[in-house]
Amino acid sequence: MPKNSPSFSNKLITWYLQNTRDLPWRTTNNPYYIWLSEIILQQTRVLQGLPYYLKFVETYPKVEDLANAHEDEIMKLWQGLGYYSRARNLHATAKIVSEEMNGAFPNNYKDLLKLKGVGDYTASAIASICFNQPEAVVDGNVYRTLSRVFGISTPINTPAGQKEFKQMAQLLIDKTQPGTFNQAIMEFGARYCVPQNPDCPNCIFNENCKAFQHNKVSELPVKIKAKPIKKRYFNYLVVLSVKEKTVLRQRTGKGIWHRLYEFPMIETSEDINLPTLEKLPKFQSFSEEFQIENISLYNEKPVIHKLSHQHLITRFWIVESRENSEVAIPVSEIGNYAVPVLIENFVSDFFGNY
DNA sequence: AATCCGGGGCG
DNA sequence: CGCCCAGGATT
């Protein structure tokens with residue numbers, strides 16, 4: 001356990017005050033804006049989340065605006081950011097705060113933790129930044145910085161590791177300015193104690209850093225290996241009717257892209273050709289429903305869409321249809337629906353930007 | 001304790 | 001190509 005807590009905290013905060021990025025959520029203590037920024041930034045780089053934060057603040061200036069919005073509209077704004085359960089939980093929590101809490105967020109760690117989509121990290125961030133509570137945040141930056149400076153090799157992605165690092169951070173936090181401390185240690189991890197090739201010779205902690213002293217910077221933090229990536233095979237059926245209409249379906253149930261829209265899709269256990277596709281029972285019922293006249297393969301080489309834990313080997317089949325089904329929508333309206341990046345890429349490729 | 005959930009940037 | 005990102009929910 002660290003013995004030089006005051007020194008660590010003071011040096012860290014001094015560094016932070018001299019190296020503060022100008023970010024929009026740093027100019028407010030409004031819990032709504034802090035909460036919004038923290039949800040958006042979960043597992044997301046600041047530069048990737050920033051434009052989304054600006055869009056949401058502009059579209060929904062108050063939590064009531066977010067609560068009263070339609071989920072489809074929120075999903076559309078969230079499109080491209082990934083981990084879409086965040087957007088659904090965002091809406092649910094906005095409704096709770098707006099309708100059951102009189103528009104005021106809980107003002108303490110324990111009650112913040114009860115909100116959907118708010119875990120230990122986010123509750124600690126809001127409690128410290130907005131309400132000056134001494135709750136230490138532990139995000140990826142904190143794991144990395146503490147494991148190196150104090151030479152902790154407990155795997156960070158285990159309950160034991162999470163507990164140990166949370167306790168360490170609690171000991172280190174400056175209780176007179178917890179919000180500043182929390183943002184300082186995250187900023188330090190993001191800007192200085194970076195994952196690959198940090199500038200240790202010039203680091204403010206290098207004389208005390210266990211990892212630097214023992215030449216183990218590249219070995220910390222320790223993380224249990226992830227499972228191998230799975231391959232899946234998606235066959236999209238892109239309907240084109242004579243009246244320039246197509247068909248989208250909303251994904252429901254469990255799995256990726258929940259509540260996003262996509263073309264009708266048949267998943268197979270391997271990459272298939274047209275004769276094989278036409279024999280599939282799911283395709284035959286689809287073919288009858290939409291009066292298919294002709295089918296052609298759009299992409300000669302499959303599109304390989306890479307997610308963190310699975311690769312999607314994708315074929316787009318262009319299906320010319322005679323009938324105008326009631327569920328068909330004009331092609332020009334596809335852009336109104338929240339779709340996965342895989343679909344967005346295909347649409348702009350095939351239909352062009354509109 | 002294990003598993004799932006996106007997309008993008010970087011070396 | 002592997003690693004990681006201002007994590008959380010579910011089982």
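All values derive from a computational prediction rather than experimental measurement. Chain letters run A, B, ... following the sequence lines, proteins first, then strands; residues in each count from 1. Note that these values count all heavy atoms, side chains included, but never hydrogens, waters or copies made by symmetry.
Under the salt bridge (Lys or Arg N to Asp or Glu O under 4.0 Å) criterion, A:R86 pairs with no residue, sequence neighbours left out. Annotation: salt bridge (Lys or Arg N to Asp or Glu O under 4.0 Å) contacts of A:R148 (sequence neighbours excluded): none. Shown here are the salt bridge (Lys or Arg N to Asp or Glu O under 4.0 Å) partners of A:E293, two or more places apart in sequence or in another chain: A:R322. The salt bridge (Lys or Arg N to Asp or Glu O under 4.0 Å) check on A:K114 picks up A:D111, with sequence neighbours excluded. Among residues two or more places apart in sequence or in another chain, the ring pair (Phe, Tyr, Trp, His ring centres under 6.0 Å) test is passed with A:F346 by A:F263, A:Y298, A:F316, A:F350. For A:F205, the ring pair (Phe, Tyr, Trp, His ring centres under 6.0 Å) criterion is met by A:F8, A:F188, not counting sequence neighbours.
Contacts with DNA chain B (heavy atom under 4.0 Å) in residues 174-204 of chain A: A:N197, listed by number. Across residues 140-148 of chain A, A:G140, A:N141, A:R144 each have a non-hydrogen atom less than 4.0 Å from an atom of DNA chain C (numbered order).
Among the nucleotides B:dA1, B:dC4, B:dC5, the one closest to any side-chain atom of A:H309 is B:dC5.
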Before you tell me yes or no, could you show the steps for A:K166 and A:S124 under side chain to side chain donor-acceptor pair (under 3.5 Å), namely the whole-Å CA-CA distance, both residues' side-chain angles and the distance that decides it to 0.1 Å? CA-CA 11 Å; A:K166 174 78 179 183; A:S124 300; 3.0 Å; yes

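Here salt bridge (charged side-chain N to carboxylate O under 4.0 Å, His left out) pairs that include residues 167-190 of chain A, with residues two or more places apart or in two chains, are A:R21-A:E187, A:R26-A:E187, A:E187-A:R191. Evaluation of the ring pair (Phe, Tyr, Trp, His ring centres under 6.0 Å) test over residues 43-65 of chain A, restricted to residues two or more places apart or in two chains, returns A:W25-A:Y53, A:F56-A:Y60, A:F56-A:W78.
Rounded to whole Å, the separation between the P atoms of C:dA6 and B:dC4 comes to 24 Å. Between the C1' atoms of B:dG6 and C:dC3, the separation comes to 15 Å (whole Å).
Rounded to a whole Å, the CD1 atom of A:I39 is 16 Å from the P atom of B:dG6. Distance, A:I224 CD1 to B:dT3 P: 12 Å, rounded to whole Å. In this structure, CZ of A:R232 is placed 10 Å from P of B:dG6, rounded to the nearest angstrom. What separates CD of A:Q42 from P of B:dC4 is a distance of 20 Å, to the nearest Å.
A:W78 comes within 4.0 angstrom of no nucleic acid atom, judged by non-hydrogen atoms across all strands. Nucleic acid contact for A:Q79: none, since no nucleic acid atom lies under 4.0 Å from a heavy atom of the residue.
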Within the sub-3.5 Å range, which N or O atoms of nucleotides 7-9 of chain B have a protein N or O partner, and how far apart are they?
{"unit_1": "B:dG7", "atom_1": "OP1", "unit_2": "A:Y84", "atom_2": "OH", "d": "3.1"}
{"unit_1": "B:dG7", "atom_1": "OP1", "unit_2": "A:V341", "atom_2": "N", "d": "3.2"}
{"unit_1": "B:dG7", "atom_1": "OP2", "unit_2": "A:W257", "atom_2": "NE1", "d": "3.3"}
{"unit_1": "B:dG7", "atom_1": "OP2", "unit_2": "A:H305", "atom_2": "NE2", "d": "3.0"}
{"unit_1": "B:dG7", "atom_1": "N7", "unit_2": "A:S308", "atom_2": "OG", "d": "3.4"}
{"unit_1": "B:dG7", "atom_1": "O6", "unit_2": "A:S308", "atom_2": "OG", "d": "2.6"}
{"unit_1": "B:dG7", "atom_1": "N2", "unit_2": "A:Q48", "atom_2": "OE1", "d": "3.4"}
{"unit_1": "B:dG8", "atom_1": "N2", "unit_2": "A:R45", "atom_2": "NE", "d": "3.1"}
{"unit_1": "B:dG8", "atom_1": "N2", "unit_2": "A:R45", "atom_2": "NH2", "d": "3.1"}

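Of the listed residues (A:N273, A:I272, A:L277), just one forms a side-chain contact (heavy atoms from CB on, under 4.5 Å) with A:P275, and that residue is A:N273.
Think of the region where chain A sits on DNA chain C: with heavy atoms and a 4.0 Å cut, that region ends 5' and 3' at C:dC1 to C:dT11.
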